[in-house]
Every structure is written in C-alpha cells, then in structure tokens.
Chemist: 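Attaching a single structure in structure tokens format; questions to follow.
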Amino acid sequence: MIEVEIHDNFLEDPGYYIDFANQCKFFTHEEHRKKTGRKEGWPGLRTLNLTDDLPELVEKLNKSFNIDVGRLNFYRHPYEKFKNHPGEGRDHVDAAWEFSGVIYLQGSDGTVIGEKHVPFQFNRCVCFDAMTPHHPLFGSSDRLVITFFSDLA
C-alpha cells in the first residue's frame, strides 16, 4: 500500500502540460457539479476529466505507482481568491478512490498528507492513500497542479 510516494522530475516536458492547461476551460465547483453531477465541494477552479485527452500521462502514472487512474484534472487555486484566507485548505479524504495524487506545476507551497508536509517542488508527483486526510497549502502565488484519482491496478 502506498502511504506517500514522491517522484521528482516526473514529467519529461512539464512546460507542455502548463501550455495545455492554459488552453483548457476551468470550472468552479458549482459549474463542475452541473456538468458532472458530482456533489463535491472544493475551492478554486478545475477542468473536466482529461484522462482521454492525456493518455500518455495516465499510462506513466499507472506504471509509476501501479495504479489505475480513473480521473485526472488540472486544478487552479488563484492567489487573488485565497489571499485573505488562511494558508491551508480543509482536511478531506477522497473516499470514492483508493489513491489520490498531485503533480506540482506552478505555486509556492505543497500539501499536508496525514502528518507529513510535502513541500512544493516544480514537477514533483505525489501519490498517496486517498483515505489519508490531506489538504493543499495555498502559499503566496497562483497554484496550478494536476490532480489524479485512481484505484489499485
């Protein structure tokens, strides 16, 4: 079982994914709920599921962590939206999945997973047990990550 597994320099061309994200439509959680029917509550902005649009990334994640990615999104936390909030999101679990993960693309701080603080590092990929309480740290700049959710392969 993965507790917290970290792979640095994960993407061969992280700039490609930043450019790709900049071409995507992002939705608030309310807009996302209307499109998907999922009743989730998260701050920031998220794309729809991109597993079909980024199959090479899904395959790399699956092979690297022995998982089966079922959902993959770009996720933005605009600094302007969070500058007057505390620096941490709320602890939560991703109960619909066995594993959760994040790839850091832009930002200034990482994630707290259980008792472990995983610092932001450009192009760092983190995968962990989805039932471990976790939350983002918003930092002092815009945050762009790739989030993924999966079951065991």
Side-chain angles (χ1 to χ4, degrees), residues 1-22 24 26-29 32 36 38 40-51 53-79 81-82 85-153:
M1 172 188 260
I2 297 171
E3 189 171 311
V4 177
E5 191 171 331
I6 299 170
H7 293 223
D8 289 335
N9 301 310
F10 187 74
L11 303 169
E12 286 184 37
D13 184 3
Y16 168 81
Y17 293 94
I18 294 170
D19 291 342
F20 191 99
N22 289 330
C24 289
F26 283 78
F27 301 90
T28 65
H29 81 273
H32 199 271
T36 64
R38 284 192 211 95
E40 302 169 324
W42 35 262
L45 304 168
R46 184 180 275 176
T47 63
L48 296 177
N49 187 358
L50 297 171
T51 54
D53 299 285
L54 297 168
E56 294 90 8
L57 177 55
V58 170
E59 183 177 341
K60 182 174 178 73
L61 289 164
N62 288 343
K63 286 181 179 177
S64 296
F65 297 104
N66 193 33
I67 57 176
D68 184 19
V69 172
R71 190 164 129 201
L72 182 136
N73 312 86
F74 286 105
Y75 193 15
R76 285 191 192 278
H77 295 113
Y79 173 68
K81 182 174 175 131
F82 297 100
H85 292 270
E88 299 187 9
R90 291 181 305 164
D91 255 355
H92 65 280
V93 298
D94 299 317
W97 302 96
E98 290 184 68
F99 298 98
S100 299
V102 61
I103 302 171
Y104 301 122
L105 296 175
Q106 295 174 329
S108 58
D109 215 337
T111 308
V112 174
I113 304 166
E115 300 296 318
K116 182 177 180 77
H117 172 239
V118 179
F120 176 93
Q121 181 174 313
F122 176 69
N123 198 19
R124 170 175 278 172
C125 183
V126 183
C127 187
F128 54 93
D129 184 318
M131 293 305 291
T132 303
H134 59 279
H135 62 268
L137 299 167
F138 296 125
S140 59
S141 64
D142 288 351
R143 186 176 202 251
L144 174 65
V145 299
I146 299 171
T147 56
F148 59 93
F149 306 91
S150 76
D151 292 321
L152 192 60

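Model, not experiment: these values are computed from the prediction. Scope of the values below: all heavy atoms of this structure, side chains included, with no hydrogens, waters or symmetry mates.
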Chemist: If every non-hydrogen atom of F148 is compared with every non-hydrogen atom of V126, which pair is closest and at what distance?
Modeler: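 Closest pair (atom of F148, atom of V126, distance): CZ-O, 3.7 Å.
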Chemist: Let me see the working for Y75 and V102 under side-chain contact (heavy atoms from CB on, under 4.5 Å), right down to the final yes or no.
Modeler: CA-CA 9 Å; Y75 193 15; V102 61; over 6 Å; no
Chemist: What closest approach, in Å, do S64 and F10 show between heavy atoms, and which atom pair accounts for it?
Modeler: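 Between these two residues, the closest heavy atoms are OG-CE1, 3.5 Å.
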Chemist: Nearest 0.5 Å please: distance from the CG atom of N49 over to the CZ atom of F149.
Modeler: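 If I round to the nearest 0.5 Å, the distance is 10.0 Å.
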Chemist: Should Q106 and D142 count as side-chain neighbours, where that means a heavy-atom distance under 4.5 Å?
Modeler: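 They are not in side-chain contact.
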Chemist: Search all heavy atoms of R143 against all heavy atoms of D109 and return the closest pair with its distance.
Modeler: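 Where R143 meets D109 most closely, the heavy atoms are NE-O, 3.6 Å.
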Chemist: In Å and rounded to the nearest 0.5 Å, what is the CD1 to CZ distance from I6 to F128?
Modeler: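 Rounded to the nearest 0.5 Å, the CD1-CZ separation comes to 10.5 Å.
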Chemist: Which heavy atom of V93 sits nearest a heavy atom of M131, and at what distance?
Modeler: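 Closest approach of V93 to M131: CG1-O, 3.2 Å.
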Chemist: To the nearest 0.5 Å, tell me how far T47 OG1 sits from R76 CZ.
Modeler: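 Between T47 OG1 and R76 CZ, I get 10.0 Å after rounding to 0.5 Å.
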Chemist: Kindly determine whether F26 and L144 satisfy side-chain contact (heavy atoms from CB on, under 4.5 Å), including the steps that lead there.
Modeler: CA-CA 11 Å; F26 283 78; L144 174 65; 4.2 Å; yes
Chemist: Okay, side chain of T132, backbone of I113: is any donor-acceptor separation there less than 3.5 Å?
Modeler: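 No, the answer is negative, given that no donor and acceptor are paired below the 3.5 Å cut-off.
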Chemist: Can you find a heavy atom in the side chain of R124 that is under 4.5 Å from one in the side chain of P119?
Modeler: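 They are in contact (side-chain heavy atoms under 4.5 Å apart), so the answer is yes.
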Chemist: Test side-chain contact (heavy atoms from CB on, under 4.5 Å) on L105 and L11; report intermediate values, then the result.
Modeler: CA-CA 10 Å; L105 296 175; L11 303 169; 3.9 Å; yes
Chemist: Return yes if some donor-acceptor pair links the side-chain N/O of D68 with the main-chain N/O of D151 below 3.5 Å, else return no.
Modeler: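 No, the answer is negative, given that no donor and acceptor are paired below the 3.5 Å cut-off.
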Chemist: Please round to the nearest 0.5 Å and tell me the distance separating atom CZ of F65 and atom SG of C125.
Modeler: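 Answer rounded to 0.5 Å: 4.0 Å.
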Chemist: Return the minimal non-hydrogen interatomic distance between F120 and F122, and the atom names on each side.
Modeler: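 So the minimum-distance heavy-atom pair works out to CE2-N, 3.6 Å.
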Chemist: With no hydrogens and no angle check, is any side-chain donor or acceptor of H134 less than 3.5 Å from a backbone partner on H92?
Modeler: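 Present.
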Chemist: Treating R71 as the side-chain partner and L48 as the backbone partner, does any N or O pair qualify as donor plus acceptor under 3.5 Å?
Modeler: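 Not confirmed, R71 side chain does not pair with L48 backbone.
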Chemist: Which heavy-atom pair separates L72 from T51 by the least distance, and what is that distance?
Modeler: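 Reported closest heavy-atom pair: N-CG2, 3.7 Å.
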Chemist: Are L50 and C24 close enough that some pair of their side-chain heavy atoms sits under 4.5 Å apart?
Modeler: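 When only atoms from C-beta onward are counted, C24 and L50 do touch, with a gap below 4.5 Å.
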Chemist: Mind checking the CD1-CG spacing from I103 to L61? Nearest 0.5 Å is all I need.
Modeler: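 Taking CD1 in I103 and CG in L61, the distance rounds to 5.0 Å.
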Chemist: How far apart are the C-alpha atoms of F74 and L54, what are their side-chain angles, what is the distance that settles it, and do they pass the side-chain contact (heavy atoms from CB on, under 4.5 Å) test?
Modeler: CA-CA 11 Å; F74 286 105; L54 297 168; 4.2 Å; yes
Chemist: For a 4.5 angstrom cut-off between non-hydrogen side-chain atoms, does F27 reach T36?
Modeler: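 In short, these two side chains do not touch, never coming nearer than 4.5 Å.
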Chemist: Between CZ of F20 and CG of D53, what distance do you get to the nearest 0.5 Å?
Modeler: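 The CZ atom of F20 sits 5.0 Å away from the CG atom of D53.
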Chemist: Please check if the number of heavy atoms outside K60 that lie under 6.0 Å from its NZ is greater than 12.
Modeler: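 Correct, the count exceeds 12.
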